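What follows is a set of notes on a single structure, which appears directly below.
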Amino acid sequence: MAPQTGELVSEVTAIRGMRDILPEEALRWQFLERTVAAVLAAYGYGEIRLPVVEKTALFKRSIGEITDIVEKEMYTFDDRNGDSMTLRPEGTAGCVRAAIQQGILSTPQRLWYMGPMFRYERPQKGRQRQFHQTGVEAFGVATPDMDAELILLCARLWRRLGLTDCVELQINSIGNARARKAYRDALVDYLQAHADALDADSQRRLHSNPLRILDSKSAETQAILDGGPTLEEFLDEEADTDFARLCELLNAAGVAYTVNQRLVRGLDYYNKTVFEWVTDKLGAQGTVCAGGRYDGLVQQLGGKSTPAVGFAMGMERLVLLLAEQGAVAEAATVDVYVVAVGADAEVMALVATERIREENPQLRIMQHMGGGSFKSQMKKADKSGARVALIWGENEVAAHAVTVKSLREGTVEGPAQSTVPLIELDSTLCALIAS
Ligand code: ATP
Ligand code: MG
């Protein structure tokens, strides 16, 4: 079919990697967002709403200067005053900033937020430049029971979404900064001897961010890593004890996991527990949820030392998974379509429809606008997906009545139609819709 509105002027098309979500897909988003909010409420988490733009320095200080995000993925610009601003690439930095600035960290805080994030990346399935995350952050608890709660919360969410069978939990401990530094040095020493055999990305990272080499997708690089030092050997006793306790809690709660010693996460602020929920249903973009402990970040941004742990879910990837699982039934947009032919009929229909909405707030009613013949309006009614049409024409106006027509095919008696006095409309409607 030729586009009815003609072709968009190329100068004003949407920005690459930034998508429109049309109403049908939005139903899936609403289901996901509702379920997420309900599960978070069940654990006593409170929603925090944060700005989409923050000072650039906030992200440099928290995420780290030598990370993919800060080095090459941020949307950074000077505002009219010449101050450097950045569209948030993730939510933790802003959440920590707000928690310190608003002075809400004197007692443990369980917070969540949902919204768009921006990263200049190569767009592909499950990877966009404007994407959405739900972030969850728990402040003020240093013990691994908090880490376990967050993981259990995720597991409950997957159950409610019907996704349990397509996601898998991976966990690891990356210890404290000292352990990581010692490990980093040992790893660089070892890899330098094999530098020529590493993939190009890993060669570059050898000097900038060597821990990221553990993430490499190259089989050759992974084989070289097999012979190298492991992070586990460098962990301090506290990290070991906490990790063992986390495993114990997950075992007791019946949550399955695998320990992935190469899981390090790409942001500087993590320590101790890190975890990811991954799926094999979305190709290369397999991580749907990722997080970990970041005990040093609050202090690093100027707050009083406060332990913290959190995670972020990629909403696009979860919506894709839901679609893959056929999780949300296609829902019609409306229950009732209102047809009115003639100026007087339009007035009566408008007034009656408003009254019906008043008395039946749960009913979804779409009234035809813009006039047209009975036939063309009925076509729209059929297309709308509504189960019932309410019809006003000359005869209905004269009799102060309305024709109620079932649009449902395949019922035993076939489509029903009856003309009823306006005052009887509500009960007729309810009976029809319930049938
Ligand atoms: P990846 O390795 O896929 O780039 P990441 O480590 O950069 O992920 P995080 O910063 O941990 O991702 O963000 C948490 C989650 O947000 C990811 O697991 C993913 O589900 C989602 N996510 C991250 N970047 C994007 C993006 N560009 N488009 C869509 N979802 C994204
Ligand atoms: Mg990334």
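Numbering starts at 1 and runs along the sequence shown. What you see is a predicted model; the values in this text were computed from it and never measured. Numbering of ligands and ligand atoms starts at 1, following listing order.
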Can you establish whether the number of heavy atoms outside Lys60 located under 6.0 Å from its atom NZ is more than 12? no
For atom 22 (N) of ligand 1, what is the nearest protein heavy atom, given as residue, atom name and distance? Phe131 CE1, 3.5 Å
Part of Arg127 within contact of ligand 1 (heavy atoms, under 4.0 Å): both
Measure Arg265 to ligand 1 on non-hydrogen atoms and call it side chain, backbone, both or neither using the 4.0 Å cut-off. side chain
Cut-off 3.5 Å, side chains only: do Asn81 and Asp79 have a donor facing an acceptor? no
Once the angle between the rings of Tyr270 and Tyr294 is folded into 0 to 90°, is it parallel (under 30°), tilted (30 to 60°) or perpendicular (over 60°)? perpendicular
the protein heavy atom lying closest to atom 12 (O) of ligand 1 turns out to be Arg119 NH1, 3.7 Å
What protein heavy atom lies closest to atom 29 (C) of ligand 1? Include the residue and the distance to one decimal. Gly126 O, 3.3 Å
Value rounded to 0.5 Å, distance of CD in Glu149 from OG1 in Thr143: 10.5 Å
Examine the side chains of Gln130 and Tyr75 and answer whether a donor and an acceptor come within less than 3.5 Å of each other. no
Heavy atom of Glu121 under 4.0 Å from ligand 1? yes
How far is atom 15 (C) of ligand 1 from its nearest protein heavy atom, and which residue and atom is that? Gln133 NE2, 3.7 Å
Work out whether the distance between some heavy atom of Arg317 and some atom of ligand 1 is less than 4.0 Å. yes
Hey, which atoms in ligand 1 end up nearer than 4.0 Å to a heavy atom of Val288? 20 (O)
So is Arg129 actually on top of Tyr120's ring, under 6.0 Å and inside 45° of the axis? yes
Identify every side-chain donor-acceptor pair in residues 161-170 under 3.5 Å, counting partners at least two apart or on other chains, and give the distances.
unit_1, atom_1, unit_2, atom_2, d
Thr164, OG1, Arg159, N, 3.4
Glu168, OE2, Thr258, OG1, 3.4
Gln170, OE1, Asn260, ND2, 2.8

Consider only side-chain N and O atoms of Tyr183 and Glu233, and report whether a donor and an acceptor are under 3.5 Å apart. no
For ligand 1, indicate whether the residue Asp68 contacts it via side chain, backbone, both or neither (heavy-atom separation under 4.0 Å). neither
Have Glu90 and Gln133 got a donor and an acceptor in their side chains that come within less than 3.5 Å? no
Residue Ala290 vicinity, atoms of ligand 1 by number, heavy atom under 4.0 Å: 11 (O)
Closest non-hydrogen protein atom to atom 28 (N) of ligand 1, residue and atom name please, with distance? Gln128 N, 3.0 Å
Quick note, ring-ring contact (aromatic ring centres under 6.0 Å, His included) partners involving residues 123-176, not counting sequence neighbours, are Trp29-His132, Trp158-Trp277
Is atom 3 (O) of ligand 1 in close reach of the protein, with a heavy atom under 4.0 Å away? yes
Shortest protein contact, atom 17 (C) of ligand 1 (heavy atom only): Thr287 O, 4.0 Å
Which residue and non-hydrogen atom of the protein lie closest to atom 21 (C) of ligand 1, and at what distance in Å? Gly314 CA, 3.6 Å
